[in-house]
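In what follows, a structure is listed as structure tokens, so that the remarks can point back to it.
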Number of protein chains: 4
Amino acid sequence: MPLQTFDNLPEDKRQRIIDCAVDEFAQHDYASASISKIVAKAGIAKGSLYQYFNDKTDLYTYLLDLVSQTKAKMMAKAFRQENRMPFFESLLALFSVMASFELQYPKLAKIGYKATSGKSPLPEDLLIKGKQATIQYFVTLINQGKATGEIRPDIDAEIAAFIFVSALSEMGNFVSMKTGIDKNIEDSGKPTPAQLSEIERLYQQVIMILKNGIAN
Amino acid sequence: MPLQTFDNLPEDKRQRIIDCAVDEFAQHDYASASISKIVAKAGIAKGSLYQYFNDKTDLYTYLLDLVSQTKAKMMAKAFRQENRMPFFESLLALFSVMASFELQYPKLAKIGYKATSGKSPLPEDLLIKGKQATIQYFVTLINQGKATGEIRPDIDAEIAAFIFVSALSEMGNFVSMKTGIDKNIEDSGKPTPAQLSEIERLYQQVIMILKNGIAN
Amino acid sequence: MPLQTFDNLPEDKRQRIIDCAVDEFAQHDYASASISKIVAKAGIAKGSLYQYFNDKTDLYTYLLDLVSQTKAKMMAKAFRQENRMPFFESLLALFSVMASFELQYPKLAKIGYKATSGKSPLPEDLLIKGKQATIQYFVTLINQGKATGEIRPDIDAEIAAFIFVSALSEMGNFVSMKTGIDKNIEDSGKPTPAQLSEIERLYQQVIMILKNGIAN
Amino acid sequence: MPLQTFDNLPEDKRQRIIDCAVDEFAQHDYASASISKIVAKAGIAKGSLYQYFNDKTDLYTYLLDLVSQTKAKMMAKAFRQENRMPFFESLLALFSVMASFELQYPKLAKIGYKATSGKSPLPEDLLIKGKQATIQYFVTLINQGKATGEIRPDIDAEIAAFIFVSALSEMGNFVSMKTGIDKNIEDSGKPTPAQLSEIERLYQQVIMILKNGIAN
DNA sequence: CATGAATGAGGGTTCATTCAT
DNA sequence: CATGAATGAACCCTCATTCAT
């Protein structure tokens, strides 16, 4: 975890450091990500970074946490009041939240994505945790749907959840392939309205197919 | 392309080198994959590798080719005689082939998987080509299915194909999560019969869901 | 150009690094000069050198600049007040300066010398520039001498200048052959008075011959 | 010295090897010259070269000998019958021979030239020997000229000889600068007649200046 | 708390040389 | 006598990390 000195930093400086670190880890492996380049871009001394974080792994862990928390925050905002929706509305909402996350924080999404594959300095369990947590959330929803009869009873909740999450996490790549929006471009302007409506269509089609796949 | 010296190598030695290289590139980025570690594991001199391959990129390209060709070989074997099957049988067969590939050559699958995302020394087009080619194959199948009325006409073939491929390529991770078979373990013994039947069930469930998702 | 970190270095350390680099590049090609040997001799870490210079070429360029500037400084000191001297006095002065340079900084002279022939990482033009600049300086002097009637009009200024420069640049080798002063020896003590007077005689003889060669 | 196996080689093959070695050592330092590239160009096995020569130094020594012998052969041919010429005719002849050598065997000349400066695996004395031998030859001639009264008695024979040799050895570079003939170009066609006459003029000017420099 | 120079291990690559075939 | 794969030291360069200021 970051040392307390990091929290004492002026807001803009702290944010600048985070941004540069996110940029770097979104583009490279854990191993290939370069501390030197992060501090260079952020305009801080190399030693300073080691007063905020114990080491490279510490910084990386911090970013992974940032991914989880940001996603969680979006979830929380979306699901604040509505406790009980029909399943497919819940699903749509959830799906929509995660899609928004991909669109709003493409680099964070990429970091989380990279973390699930390939060796990393963190215990494997910790890494998969993120994905499994998401899957579990879907599993819960699906089981509720089965209880209300909205979903066919012969559906294996975990497998269905897995397909949903997979499609979702790959969606980002597909979107950029189809729309030409490169998630890696740093100063990517906002997507155009035309692109946004195309993205909207992509997500609805996906949801429709998956819905048909499991609906009763 | 590898130098001819590589082909002249005794079979076991050549295979050992390939295995070690596959191990390394399956676990790491192109950038982080270490030639030094490969030769150390393979028990050859560092200079020797450079008599087999021009450079790191050359070795990497060779592995990517190995991925394509291995997959192609499995496809060829599976689709030899049956030119025209009902769509969902074709799909099942195709899906089954790719699943087998993931199971039999998990590391090769991982290398191909890594190649489609993140920076690499190869022209981006060449890299995405693999995935897009697979998607196109599914698109063709789906369009045929729409023509024969097996698939609902309002399905966007490309999106459906994308979901299939995504689920497929992520499946490996899911399988190892569920069965405890670690794809990264080098000397992974064969999966037990119990594991195999569980895997079988997973794939069939996935296919069922996807089939329901698009069937007429 | 060297990074600013190099200028911030304690004088003695900076000088030690320069000396070792000069030693190495005076003895070897650009290609064969070894960074590893430089840092070993200088007693610094290999990584440190790369905090002073971007790369090998950067260090080399710095040394070439050092050659030019050192020579220029000696020239400036010698030619401060006397704007218009009779030609052969000018020539003598100039010749004397360059000879002093060869004697005082034999290794720098050697580096500059090497740079004019053989392949190097710098644009060829930039490399020859040094030598050609020197030749041009002589050409100007000689043409002035022709104008004042001191020099025979049928002399080709450029060719004469070339002979002067050639003799000058080879002189160092000759001096060490005759006097036993090895230019390569690092801790060469100062030349003895006897050696100095012999050197003086050598230069005067050379000048005399060349003077007779072109005088009117 | 080369092993006897080298002499047993078919003439064309032996010559091809020599040519490629000359090319390489003319372009690079002793240290940078690459055995690998020589055998690659010559189209022979790397091991073969080590059956002709003990090692890199052996090959290098062989080439240096080739330089001496080629030059000696040209001298011998030029000075066969005429035992006693007036000094300046002797000088002209000698000068002309050495110029011819530079023009006919620019690469050999370059190898010899490189050998006199920079560290090499051979004992320094052996290296300077070549140059000193040439100087001694001039010294003898000049002393004869002094005896016959053609040359001023106050001329230091050794210094004069040194200037001659220096001018001569640098001449090659100057010629290529002025005429655009690159000595390094491998497949350099013959010089044009216009270039040849310019070269002729250059050499005559040089000789004239030097002659005036020492004539009585 | 900020700094940034110092460090040395490790990265990919090339090399002269050897030796079994 | 020809071959060319094997070798490991050395090449230039980058890196995460430390520590004196």
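Each chain gets a letter, A, B and so on, in the order the sequences are listed, and its residues count up from 1. Source: prediction; values computed, not measured.
In terms of phosphate contacts, A:Lys46 brings no side-chain nitrogen or oxygen within less than 4.0 Å of OP1 or OP2 of F:dT14. The phosphate of E:dT14 (OP1 or OP2) has no side-chain N or O of D:Ser36 nearer than 4.0 angstrom. Using a 4.0 Å cut-off, no side-chain N or O of C:Gln51 falls inside it from OP1 or OP2 of E:dA5. Residue A:Ser48 places no side-chain N or O under 4.0 Å from the OP1 or OP2 atom of E:dC1. Between D:Asn8 and F:dC1 there is a side-chain N or O to OP1 or OP2 distance below 4.0 Å. Contact check, B:Tyr50 against E:dT14: no side-chain N or O comes under 4.0 Å of OP1 or OP2.
Across all strands shown, F:dC1 has no partner, as no Watson-Crick or G-U wobble contact with both distances under 3.5 Å is found. Pair assignment for F:dA6: E:dT17, on the basis of Watson-Crick or G-U wobble contacts that are both within less than 3.5 Å.
Within the nucleic acid shown, D:Ala33 comes within 4.0 Å of sugar-phosphate atoms alone, with no base atom in reach, counting heavy atoms only.
D:Asn54 approaches D:Tyr50 most closely through the heavy-atom pair O-CD2, 3.6 Å.
Between atom NZ of residue A:Lys107 and atom CG of residue A:Asp23 there is a gap of 3.5 Å, rounded to the nearest 0.5 Å.
Comparing E:dA6, E:dT18, F:dC12 by their closest approach to the side chain of C:Tyr52 singles out E:dA6.
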